[in-house]
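Along the sequence shown, residues are numbered consecutively beginning with 1.
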Amino acid sequence: MGLSAPPSPPLPEWVRPLRPSPSSRAGRRCHGDGSQAEARRVSSQVPGRPGAHGAAALTQAPGGGRAPRAGMAGQFRSYVWDPLLILSQIVLMQTVYYGSLGLWLALVDGLVRSSPSLDQMFDAEILGFSTPPGRLSMMSFILNALTCALGLLYFIRRGKQCLDFTVTVHFFHLLGCWFYSSRFPSALTWWLVQAVCIALMAVIGEYLCMRTELKEIPLNSAPKSNV
């Protein structure tokens with residue numbers, strides 16, 4: 001007859017594993033739910049997080065950098081066809097053209113003690129290197145192109161439209177010369193001077209306008225990142 005092992009004695013109370021009571025499990029569950037709700041509330045107030053709202057969410061980009069604000073967007077307005085604005089700009093640039101040309105002619109004529117006349121402005125045959133009035137008129141037209149480039153900067157302020165307004169101003173000047181002398185300008189010197197003036201006025205005006213447009217774009221040296 002085989003011998004059976006004696007039954008093991010019961011373990012004392014301090015050795016038995018402690019099992020959580022139902023009340024303690026419910027308390028921990030409530031505490032965990034409260035911590036998660038508090039974490040979601042805090043994360044919703046951090047800009048750039050999925051739960052961000054309000055002004056903070058509008059100023060924080062997904063990559064950690066700062067997104068463009070509403071004030072910056074107003075600087076890059078889309079072009080809208082406005083005939084009244086375009087017409088007023090044409091009249092303004094034509095006034096600047098003839099006003100500054102008259103001042104340059106008066107200044108140059110005053111230096112050589114010559115009497116200014118409208119022929120220097122509207123007579124296509126007077127431009128040339130052979131006569132003093134012709135040379136003074138050519139110098140005044142070249143200086144006037146530089147002055148009108150500043151007019152493009154202050155009154156047009158868009159680099160893409162500088163060439164359009166430059167050609168428009170000289171087209172009306174062509175009509176004025178045609179009407180003043182009652183014949184179409186055919187002198188080669190007049191056309192060469194006008195071509196040089198168009199090139200100077202358009203290139204310098206577009207360069208100045210592009211520099212102004214680039215200054216209005218704020219660039220951050222390094223984007224900020226949230227760790």
Next item on the list: Report the C-alpha distance between N144 and C148 in whole Å, list the side-chain angles of each, state the deciding distance to 0.1 Å, and finish with yes or no for side chain to side chain contact (heavy atoms under 4.5 Å, CB included).
Entry: CA-CA 6 Å; N144 184 53; C148 291; 3.8 Å; yes
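Put simply, CD1 on I126 and CD on Q120 are 5.5 Å apart, with the number rounded to the nearest 0.5 Å. Taking OG1 from T166 and CZ from F171, the interatomic distance works out to 15.0 Å, rounded to the nearest 0.5 Å. Rounding to the nearest 0.5 Å gives a distance of 14.5 Å between NE2 of H173 and OG1 of T168. Going from atom SG of C177 over to atom CG of D123 covers 8.0 Å, rounded to the nearest 0.5 Å.
You'll find the side chain of S186 reaches within 4.5 Å of the side chain of E125, heavy atoms only.
A single hydrophobic cluster is seen to contain both Y180 and Y97, as judged by linkage of ILVMFWY side chains at heavy-atom distances under 4.5 Å, directly or through other members. The hydrophobic cluster containing F122 also contains L174, counting ILVMFWY residues as joined when their side-chain heavy atoms lie under 4.5 angstrom apart, directly or transitively.
Ring pair H170/F141: centre-to-centre distance not below 6.0 Å. Ring to ring, Y98 and F172 are not that close: their centroids are 6.0 angstrom or more apart.
Within a 6.0 Å sphere centred on CZ of F179, other residues, nucleotides and ligands contribute 12 heavy atoms or fewer.
A donor-acceptor contact shorter than 3.5 Å links the side chain of T147 to the backbone of L143.
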